[in-house]
There are 2 protein chains.
Amino acid sequence: MVGIRDVAKTSGSAVATVSRYLNGQITLRPETKKRIDDAIAELGYQPNVMARRLASGSSETLGLMTTDIEYPFFAAIASAAEAEASASGYQLAVFNSRNSTEKELEILHAVERRQIDGLIVLTNHTDTGGLAEQITKSGKVVLIDEDVSGATAPRVFADNRHGGRLAAECLLRHGHTEIAFVSGPRGMISVEERLAGFVERLEEDGVELNEALIRCGDYSEAFGSTTLTEMMSAGPRPTAVFAGADNIAVGILKGARSAGIGVPDDLSLVGFDDVSYGELLDPPLTTIRQDAHAFGREGVRALLRVLEGGSADEIERVRVELIERGSVAQL
Amino acid sequence: MVGIRDVAKTSGSAVATVSRYLNGQITLRPETKKRIDDAIAELGYQPNVMARRLASGSSETLGLMTTDIEYPFFAAIASAAEAEASASGYQLAVFNSRNSTEKELEILHAVERRQIDGLIVLTNHTDTGGLAEQITKSGKVVLIDEDVSGATAPRVFADNRHGGRLAAECLLRHGHTEIAFVSGPRGMISVEERLAGFVERLEEDGVELNEALIRCGDYSEAFGSTTLTEMMSAGPRPTAVFAGADNIAVGILKGARSAGIGVPDDLSLVGFDDVSYGELLDPPLTTIRQDAHAFGREGVRALLRVLEGGSADEIERVRVELIERGSVAQL
DNA sequence: CTGAAAGCGCTTACAG
DNA sequence: CTGAAAGCGCTTACAG
């Protein structure tokens, strides 16, 4: 193994000089620089990253925890997070929690063990048993997309309330007043805020959301599918649905297809997220776009800021917008 | 900072004992075990992973390089790779090459710098300028999905030839003989093998593939779209297309839609990959499924094997299967 | 099992 | 800039 002392020896300079030069903490005069560069080339020296990490106290690694990186929205976040981390000299390690609190706690432990410098956390449930304490204690976490209530950490959320308003506006504009809201579990910030904005905008036009048409279950295709079937067989029947996520919307689409209900002719549909395949659906899905890349990018930036001692109670909002395609029809 | 020597001191045992106990290299008698466990709990000791890594010479990290982890097929690979790595005590770092050879070489360098123990490489081009040498030199790489010719490394590929045969069989069974092949660049193993199997099966039924209907460009939606438009305006017109990837198939679908060509009524279509949204398309896409999870899982296993000194010229094939949905019609 | 210590290969004060 | 060295917190022979 050729180490930094070998470079120092053959270049005739000090270990400290070589180290500082390689880390850009010093500017050498040309001759010294050349001697060191030559020695590095001659010896084929490669700095040992692990040694640097131990000595400097940084793992040069950031973590990203999602339920499963395979989901398109999370994959897009990971891609942007990797780019941003890499631009700042960090590598990105990904962790799948499979929506298990136990696994989440285990992943959070990686911070304490110095396996990663900090962690971007994306949870998908309200029952957080101990998560909040761990997060606050570590001080090296940022929360994105969903909240862990009670935790002290910077947050990057979508502008959910505005998204709810946009969905309501679109449906109202097309003449709908009998509207269902199908979404994930009550208590999640994405559900509550979107619903609040939705109701708020509806009420501005004097439209009341029927309690029986608020269906909160979980963020899954299956839930969308079964809920649609239920809703269309028992009254009151809506003329439009606002789905809290595109995968729920897909479930609704499938359920409608098998029930012989035409979208958008018999039922209008607005989703949330704007996953990549939304425009390929039949009909192409009208939806509220969240900028997944912004979550990844801003998540990493917020994490880097808090690691440098920045404030932990920032809350940033990622903008949303209405993408009109073909799943909403005039009533 | 509480270190292992503090645990040794308060538990009244030796540093070596604590270390070996924590790493499971030793079984202690109950009293000793309890004293150490108590000390760890009392002090809130957390082993410093970076120190362990330096001393033991393993970064406990595996890398996965794709052009962009955001693509569904790669995201699925990453998910399975993370699960498999995690089960073996490794973390998974992801790297996006953006299809740049320069970036690929930089990522490969992480192995030399001991930043990662090994790397799973997924490239997407034939021009490999220097990649093969780097890979062979490192000896800590496995190639998945696509080849880097000339490199010495274990490989995990799809059974592309068989996939080509399955596609041909499906189309022949539906009476098609004027068939186009639209795929990525010539020279890529996925293209050549799929084409070879396709042609082979066609010829078994006495069907000749028209040279003018072999269109190799790149693995993109745009290429599928423009190629379809070209092909349908100039003769000879095919009655079916075998697309080398689902994203190309999506491009063909879009192109057909805007040209007023009905799929499958006017044109049958078979894809390759089976990305998650294939069944949501209109019509649902008939395709050759590659098991993305198998790539991730087997890639990690092959990497772990080669890191333990295993042979570097294994080549493993991931099975493929025909998924019949709605994009192929009887002629 | 214990105890004392070398070693992993860096970074970083420190005195010059 | 140099030189010599402590320190990061582990693992791992080694002698007992």
Side-chain angles (χ1 to χ4, degrees), chain A residues 1-40 43-61 89 91 109-117, chain B residues 1-40 43-61 89 91 109-117:
Chain A
M1 191 64 220
V2 17
I4 198 173
R5 22 191 5 134
D6 300 303
V7 175
K9 199 167 299 171
T10 68
S11 70
S13 38
V15 167
T17 310
V18 176
S19 173
R20 291 199 184 99
Y21 165 56
L22 289 177
N23 293 308
Q25 298 163 5
I26 208 178
T27 17
L28 263 32
R29 52 167 193 265
E31 314 97 75
T32 320
K33 179 167 152 32
K34 186 172 185 325
R35 284 205 324 265
I36 295 179
D37 287 339
D38 287 352
I40 288 172
L43 300 169
Y45 170 67
Q46 295 281 355
N48 182 317
V49 165
M50 283 187 297
R52 179 175 69 209
R53 288 175 179 179
L54 176 60
S56 69
S58 160
S59 68
E60 301 173 356
T61 305
Q91 67 182 22
H109 252 93
V111 177
E112 256 98 293
R113 289 191 308 256
R114 312 284 168 117
Q115 198 177 123
I116 53 180
D117 284 9
Chain B
M1 191 62 220
V2 17
I4 198 172
R5 23 193 4 136
D6 300 304
V7 175
K9 200 166 298 171
T10 69
S11 69
S13 38
V15 168
T17 309
V18 176
S19 172
R20 291 198 183 99
Y21 165 58
L22 289 177
N23 293 309
Q25 297 163 5
I26 209 179
T27 16
L28 263 31
R29 51 166 195 267
E31 313 98 74
T32 320
K33 180 168 151 32
K34 185 172 186 324
R35 285 206 321 267
I36 295 181
D37 287 339
D38 287 351
I40 288 172
L43 299 168
Y45 170 67
Q46 295 282 357
N48 182 318
V49 165
M50 282 189 296
R52 181 176 67 209
R53 288 176 178 179
L54 176 59
S56 69
S58 160
S59 68
E60 302 172 354
T61 305
Q91 67 182 24
H109 252 93
V111 177
E112 256 98 292
R113 289 191 307 255
R114 314 284 169 117
Q115 197 175 123
I116 52 181
D117 283 9

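To find a chain, count down the sequence lines: A is the first, B the second, and so on, and within it residues start at 1. Computed from a predicted structure; not experimentally measured.
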Legend entry - B:Glu31 and its side-chain hydrogen bond (donor to acceptor under 3.5 Å, both in side chains) partner, picked from B:Arg35, B:Arg29, B:Lys34: B:Arg29
Legend entry - Whole angstrom value for the distance that separates P of D:dG9 from CD1 of B:Ile40: 17 Å
Legend entry - Min side-chain heavy-atom separation A:Ile4-A:Pro47 under 4.5 Å: no
Inset, instruction - For B:Leu54 and C:dC8, give me the distance from atom CG to atom P, rounded to whole Å. - result: 9 Å
Inset, instruction - Sugar-phosphate atoms are those with a prime plus P, OP1 and OP2; base atoms are the rest. Using that split, label each nucleotide of nucleotides 10-16 of chain C B, S or - for protein heavy atoms under 4.0 Å, 5' to 3'. - result: BBBB---
Inset, instruction - Examine distances only and state if a side-chain atom of B:Thr61 and a backbone atom of B:Ile116 form a donor-acceptor pair shorter than 3.5 Å. - result: no
Inset, instruction - Using atom CZ of B:Arg53 as one end and atom C1' of D:dC8 as the other, report the distance to the nearest whole Å. - result: 15 Å
Legend entry - B:Arg5 atom CZ, over 12 foreign heavy atoms within 6.0 Å: no
Legend entry - Distance in Å, A:Tyr21 OH paired with A:Ser11 OG, rounded so as to fall on 0.5 Å steps: 10.5 Å
Inset, instruction - Let me have DNA chain C in dot-bracket notation, would you? Count Watson-Crick plus G-U wobble pairs, both distances under 3.5 Å, and use [ ] for pairs crossing earlier ones and | for inter-strand partners. - result: |||.||||||||.|||
Inset, instruction - Look at all strands and tell whether A:Leu28 reaches a base, only sugar-phosphate, or nothing, counting heavy atoms closer than 4.0 Å. - result: sugar-phosphate
Legend entry - Trace of the side-chain hydrogen bond (donor to acceptor under 3.5 Å, both in side chains) decision for B:Ser56 with B:Ser58: CA-CA 6 Å; B:Ser56 69; B:Ser58 160; 5.2 Å; no
Inset, instruction - Decide yes or no for B:Glu60 and B:Arg52: does some side-chain heavy atom of the first lie under 4.5 Å from some side-chain heavy atom of the second? - result: yes
Legend entry - Separation of B:Arg53 CZ from A:Leu54 CG (nearest 0.5 Å): 11.5 Å
Inset, instruction - Give one of base, sugar-phosphate or nothing for A:Thr27, where a contact means two heavy atoms less than 4.0 Å apart. - result: sugar-phosphate
